[in-house]
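My structure is below; once you've seen it, I'll send some questions.
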Amino acid sequence: MLKIRHLSKIFLRGSVNENLALRNINLTVAHADFVTIIGSNGAGKTTLLNLISGVYPPEEGRIEINGMDVTNLPEHKRANFIGRVFQSPLQGTASSLTLEENLAIAVLRGKKRGLRLAVTRKKREEFRERLRALGLGLENRLQERVGLLSGGQRQALTIFMAVFTKPELLLLDEHTASLDPKTARRIISLTKKIVAESRLATLMVTHNMEQALELGNRTIVMEEGEIIFDVSGEDKKKMTVKDLLENFSQIKKRELVEDKMLLV
Amino acid sequence: MLAGFILHSVEEGLLFGILALGVYISFRVLNFPDLSVDGSYPLGAAIAGIMIVQGINPFLTLPVAVLAGALAGLLTGILHTKLKINPLLAGILTMICLYSINLRIMDRPNISLSPYLGHKTIISIIKGLNLPLKSIYLIPLVFFLVVLVLKLLLDLFLHTQLGLAIRATGDNEEMARAEGVNTDTAKLVGLSLSNGLVALAGALFAQYQGFADIGMGIGMIIAGLASVITGEALIRGRTISLITMEVVVGAIAYRLAIAAALKWGYNFGFKPTDLKLLTGLLVIIILAFPILRTKIKKRATKLQKNIIRG
């Protein structure tokens, strides 16, 4: 499904602030895989998602989706296969547009946008039907501007828009990090439901280790631009936060020792 | 006398309304401060002027002006999207290039359009129709209908799939790209449309005032912006059709205010040459208003507290 080979990203190349954000990442994600990604700040989690979605090009490496090389495909064309949800609810929707207008933009992902009316009566009915199944009451607010919705509602709408056209891959970038705990839990259960229903391959970045272990069938840990740990299936189910931390600190310790050796 | 003064300002305001709709598309819909307007407005005027002088049907000047304006907008758009030049600079570059191009088109800095010279303009044709309505009412009526049709077409366009893509690009570019909108194309289409409207306004205004002048574009972007923000301050609409209406109303209000300032301003020492200064001051006041209001409010509550304490 998603195949990443030797992917590297360098920011501000050639300057004093040169930053090797990703080093030689190799990752294969199968259909219906739900992968959670954790790691400390600056580990390269968001950079990885941005490279997959085409926000910027990699310095080296190759990205394939369903056997198709998308490395040089522009961001808006990759949107055909990729649904995205961002950290801030403000990022994934357009505030000055109404709810149905936001949806109308999402349904045309990968299609030509012409001079036909964007929100037709038929489309409005379809939106209403499908939003009703979501059970958040949004079906009654189709003609309200999205700026009037709460952060949780906007994030729910973004997830809904991301999967509306049934993409191949869903990218969630700490999509509950800026919500209050209660709303975050609601969005997580909505995420679970939607991913389970649509069975699409999902990558979810999170800061929360518990969440990372609870959700999905595979967890990877990133540190300084590399994948340092990858657990899935039965091993993951048995894993606790304590195990994860131990693993993490062992890897860290080893690195520290190596650094010390360099200094000596 | 006063009726004539008001009618005259309304006529000018309606033509400025077309310009303001163009400025609304770039500044508000696309969130792109496009300064090419100062060049595309006289571009439309230059095209109308030279075509009419050569005896071409004045109605034909309008589509040609729109097309030329759209190309100017396209240039600004390409400078920004493909060559990654900052929006303000891209607009200024187009504007400065257009100065020479407009001189080339006109072949002189000023073209006079006058029935006495045998020139047929849209205005002279309308006046010659011998309709039962007096021409001082007929001209504003025709202008009103033209602006109304343009406004309704723009409303419709902004609700199409393409129009929505342009609005999303201006509102949240990150979201637009994530939802598969080619934001470069959206900007190019929006800027072309914007400058096409601006050039149309220029072509009509040249025929209305009876001349095209190389300097008539100076400060037009501010005039357009003044119309847009005056309208926003007056009406504060949320739907597209209300907003485009307020833009046109703002243009008329702006022209009325400027005309009044020029007519009666000399009592306070203003001269006709102070027009651009007045426009600039008007825009500054309207832009600064929200900040000044909160500051005044703060000071007022502070004073109140002191009084209570004292």
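Lettering of chains follows the sequences in order, A, B, ..., and the numbering in each one begins at 1. None of the values given here were measured: they were computed from a predicted structure.
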**Asked** Measuring from B:Thr169:OG1 to A:Ile105:CD1, what's the distance to the nearest 0.5 Å?
**Response**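 Between atom OG1 of B:Thr169 and atom CD1 of A:Ile105 there are 8.0 Å.
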
**Asked** Rounded to the nearest 0.5 Å, what separation is found between the CD atom of B:Glu179 and the OG1 atom of A:Thr165?
**Response**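 B:Glu179 atom CD to A:Thr165 atom OG1 measures 7.5 Å (nearest 0.5 Å).
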
**Request:** Find the distance between CZ (A:Arg113) and CD1 (B:Ile166) and round it off to the nearest 0.5 Å.
**Result:**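 The CZ atom of A:Arg113 sits 11.5 Å away from the CD1 atom of B:Ile166.
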
**Partner chain B: residue of A:Gln91, A:Arg84, A:Lys77 with the largest heavy-atom pair count (under 4.5 Å)** =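 With the most close heavy-atom pairs to chain B, the winner is A:Gln91.
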
**Item:** Contact leader toward chain A among B:Leu164, B:Asn172, B:Ile240, where contacts are heavy-atom pairs under 4.5 Å
**Value:** B:Leu164

**Asked** When you look at CD1 of B:Ile291, are more than 12 heavy atoms from neighbouring residues, nucleotides or ligands closer to it than 6.0 Å?
**Response**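 Count not over threshold, so no.
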
**Prompt:** Does the side chain of A:Asn102 reach to within under 4.5 Å of the side chain of B:Met175, using non-hydrogen atoms?
**Reply:**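 A side-chain contact exists here, since the closest heavy-atom pair is under 4.5 Å.
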
**Asked** Does any non-hydrogen side-chain atom of B:His159 lie less than 4.5 Å from one of A:Val119?
**Response** no

**Prompt:** Just wondering, do A:Ser95 and B:Asp171 contact through their side chains at under 4.5 Å, heavy atoms?
**Reply:**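 Answer yes - side chains close enough.
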
**Asked** Is the shortest heavy-atom distance from the side chain of A:Lys111 to the side chain of B:Gln161 under 4.5 Å?
**Response** no

**Complete:** Ranked by heavy-atom pairs below 4.5 Å to chain B, first place among A:Ala106, A:Ala104, A:Gly110 goes to A:Ala106

**Prompt:** By a 4.5 Å heavy-atom criterion (distance strictly below it), what part of A:Leu171 contacts chain B: side chain, backbone, both, or neither?
**Reply:**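 Nothing of A:Leu171, per the 4.5 Å heavy-atom cut-off to chain B.
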
**Message:** Just checking B:Lys297: does its NZ atom have more than 12 heavy atoms from other residues, nucleotides or ligands closer to it than 6.0 angstrom?
**Reply:** no

**Approximate separation, where rounding is to 0.5 Å, of A:Glu75 CD and B:Glu174 CD** = 8.0 Å

**Prompt:** With a cut-off of 6.0 Å (strictly less than), are more than 12 heavy atoms of other residues, nucleotides or ligands near CZ of A:Arg116?
**Reply:** no

**Request:** Taking atom CD of A:Glu60 as the centre, report whether more than 12 heavy atoms of other residues, nucleotides or ligands fall under 6.0 Å from it.
**Result:**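 It does not: A:Glu60 CD has 12 such atoms or fewer within range.
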
**Part of A:Ser53 lying under 4.5 Å from any heavy atom of chain B** = neither

**Request:** Against chain B, label A:Arg78 side chain, backbone, both or neither, depending on which of its atoms sit under 4.5 Å from a heavy atom there.
**Result:**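 No part of A:Arg78 comes within 4.5 Å of chain B.
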
